[in-house]
Amino acid sequence: MASLLDFSLVDARAALAAREISSVELTRAYIDQMAATAGRNAYITATPDKALAMAEASDTRLAKGEGGAMEGLPIAIKDLFCTEGVLTTAGSHILGGFIPPYESTVSSNLWASGAVMLGKTNLDEFAMGSANVTSYYGPVENPWRSTDAPDKKRVPGGSSGGSAAAVAGRAALAATGTDTGGSIRQPASFCGIVGMKPTYGRCSRWGIVAFASSLDQAGPMTRTVSDAALMLGAMAGHDPKDSTSAAEPMADLSAALGQDVKGMRIGVPAEYRMDGMPREIDALWSQGIQWLRDAGAEIVDISLPHTKYALPTYYIIAPAEASSNLARYDGVRYGLRVDGDSLAEMYANTRGEGFGPEVQRRIMIGTYVLSAGYYDAYYLKAQKVRALIRRDFDLAFETVDAILTPTAPSDAFAIGENEDDPIKMYLNDVFTVPASLAGLPGVSVPVGLSARGLPLGLQVLGRMFDEGSVVRAGRALELAAGFDVSAAAREG
Ligand code: GLN
């Protein structure tokens with residue numbers, strides 16, 4: 001039998017149902033691997049005792065022939081989701097010691113479907129970043145190393161870097177992520193796994209620490225597209241506790257997985273061929289186009305003319321919303337408190353010590369663009385441009401069923417690189433941010449390696465609520481590419 005760590009979610013669920021393996025032995029294998037790879041810092045909090053108790057309960061249900069869609073499957077939760085009775089930090093010092101008395105809707109949906117919790121994964125502070133280097137709990141190491149500099153530790157991408165590194169390094173069978181401007185898709189690309197951001201509103205935001213409320217969306221990080229479909233089905237659903245949660249029923253994703261792409265119209269946006277993009281990424285994109293064409297899809301050249309405004313628009317709207325959301329951390333209600341001589345001084349001391357430099361930068365940008373005199377020039381203008389970006393996609397989706405682009409403009413850089421230059425870091429989101437602003441679903445599928453042996457992903461975007469087409473084209477890419485998702489774990 002293959003190693004317990006080699007199962008996909010779908011295969012492990014089948015092996016559990018057939019009683020070929022037990023949830024306790026599967027969970028133990030993951031707990032051992034978490035310990036063996038602890039140096040990568042993918043987890044902020046491990047919960048092995050909780051995992052084993054949940055696995056035992058799953059085995060009892062499985063023995064009776066019962067069990068939900070995720071029954072007995074050990075997964076990790078990004079430490080942005082509140083988990084009842086388990087430390088929840090958002091990667092920030094300011095939430096030090098915060099133990100939520102409630103469970104996020106997404107994680108509670110997962111537990112209701114039988115999933116087993118391994119622990120809480122590391123992330124950029126308040127999910128702000130593209131490399132998982134802004135966490136108060138230190139950087140996360142990508143299990144992949146490059147062939148040209150094998151001694152250099154590489155970033156896993158961000159902000160869901162701990163989740164991506166855990167899934168790639170076999171320290172979790174799957175994990176949750178959140179994506180505000182690319183934080184599921186870009187780390188999936190850097191770590192050679194599948195990362196899916198569903199349509200805005202698909203997964204409840206209730207109980208997820210808020211970064212930018214009009215953009216934040218939870219999604220699965222897995223090893224295969226089928227796994228992403230399975231896990232998304234367990235995470236999603238309308239939630240009356242989140243007023244932006246959608247009531248729209250989910251398409252039958254397992255049916256979509258079984259369909260090929262014959263007759264699908266796939267758009268290739270001219271504006272994503274950017275100056276200075278590495279040639280190997282351009283080549284991989286062309287390869288992806290060819291794969292889908294060979295599989296029977298019709299390739300259509302499209303234009304998304306406002307693409308170049310997406311990054312500046314995002315870096316106005318996201319900090320604006322963040323500055324408002326983060327106002328609640330004042331030393332009174334949650335986590336850290338640093339005393340002062342007056343109430344105002346206590347606030348200032350707590351926020352000064354509790355927030356790291358990137359978060360402070362975003363709060364300053366956010367309050368600036370929202371301030372009287374600048375609101376119209378920046379925030380209001382950005383909202384108007386956001387509407388134009390959304391309209392570009394609406395028009396494109398009148399003629400195509402899905403859009404294919406690269407996920408990120410680079411492979412995984414070394415820890416320490418790009419850290420002194422926030423703008424350079426922000427540029428990493430160039431291909432993921434437009435769909436976030438438009439609220440569209442997207443998936444990153446690992447399809448190849450860069451010249452220095454690091455994973456690269458391609459992104460499929462779909463219409464609002466059309467996760468079915470995203471999964472369908474994503475599966476076709478996965479089949480054509482035949483990417484070996486277990487390579488990182490074997491070499492690590
Ligand atoms: N890298 C982007 C940022 O820093 C996106 C982060 C995210 O999606 N959470 O804001």
Side-chain angles (χ1 to χ4, degrees), residues 78-81 90-92 106 121-135 139-140 155-164 175-191 195-198 200 203 205 208-221 310-326 355-366 369 382 386 407-410 412-413 418-419 421-444 457 459 461:
K78 182 179 184 178
D79 205 17
L80 200 64
F81 293 77
S92 182
V106 162
T121 51
N122 207 338
L123 70 159
D124 279 304
E125 186 176 1
F126 285 105
M128 297 172 188
S130 308
N132 211 131
V133 293
T134 70
S135 170
V140 173
V155 302
S159 65
S160 313
S163 287
T176 62
T178 64
D179 192 310
T180 302
S183 279
I184 288 176
R185 293 162 285 161
Q186 183 257 18
S189 179
F190 277 22
C191 290
M196 179 149 178
K197 178 195 102 75
Y200 180 78
C203 290
R205 289 183 297 107
I208 300 177
V209 175
F211 165 10
S213 308
S214 75
L215 296 156
D216 297 345
Q217 185 53 211
M221 305 183 75
L311 265 184
T313 301
Y314 172 86
Y315 278 100
I316 290 170
I317 292 175
E321 293 184 14
S323 71
S324 164
N325 275 326
L326 270 52
F355 291 134
E358 182 61 27
V359 174
Q360 293 191 13
R361 173 162 37 239
R362 305 261 183 137
I363 292 173
M364 281 192 282
I365 295 170
V369 299
R386 181 177 188 176
T407 305
S410 75
F413 41 88
N418 291 348
E419 271 174 49
D421 185 349
I423 301 284
K424 219 168 151 194
M425 199 65 103
Y426 298 169
L427 286 174
N428 231 281
D429 306 328
V430 66
F431 299 133
T432 48
V433 149
S436 295
L437 289 167
L440 305 175
V443 70
S444 176
Q459 170 178 246
L461 302 174

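Indexing begins at 1, ligand by ligand and atom by atom, following the structure's order.
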**Student:** I'd like to know if the side chain of Ser163 and the backbone of Thr121 have a donor-acceptor N/O pair within less than 3.5 Å.
**Tutor:**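 A pair under 3.5 Å: no.
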**Student:** Please work out whether the ring planes of Tyr315 and Tyr426 are parallel, tilted or perpendicular, with thresholds of 30° and 60°.
**Tutor:**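 Because their plane-to-plane angle is under 30°, the rings of Tyr315 and Tyr426 count as parallel.
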**Student:** Quick one, list the residues around ligand 1 where some non-hydrogen atom comes in under 4.0 Å, by chain and residue number.
**Tutor:** Ala127, Met128, Gly129, Ser130, Ser159, Asp179, Thr180, Gly181, Gly182, Ser183, Phe211, Tyr314, Tyr315, Arg362, Asp429
**Student:** Any luck finding a side-chain donor-acceptor pair between Ser160 and Asp179 under 3.5 Å?
**Tutor:**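 No - no donor-acceptor pair under 3.5 Å links their side chains.
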**Student:** Please answer whether the main-chain N or O of Asp429 pairs with a side-chain N or O of Gln186 as donor and acceptor at a distance below 3.5 Å.
**Tutor:**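 It does not hold such a pair.
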**Student:** Can you tell me if Ser436 and Arg185 form a side-chain donor-acceptor pair at under 3.5 Å?
**Tutor:** yes
**Student:** Which atom pair, heavy atoms only, marks the closest approach of Leu437 to Ile317?
**Tutor:**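 Residues Leu437 and Ile317, closest heavy atoms: CD2-CD1, 4.4 Å.
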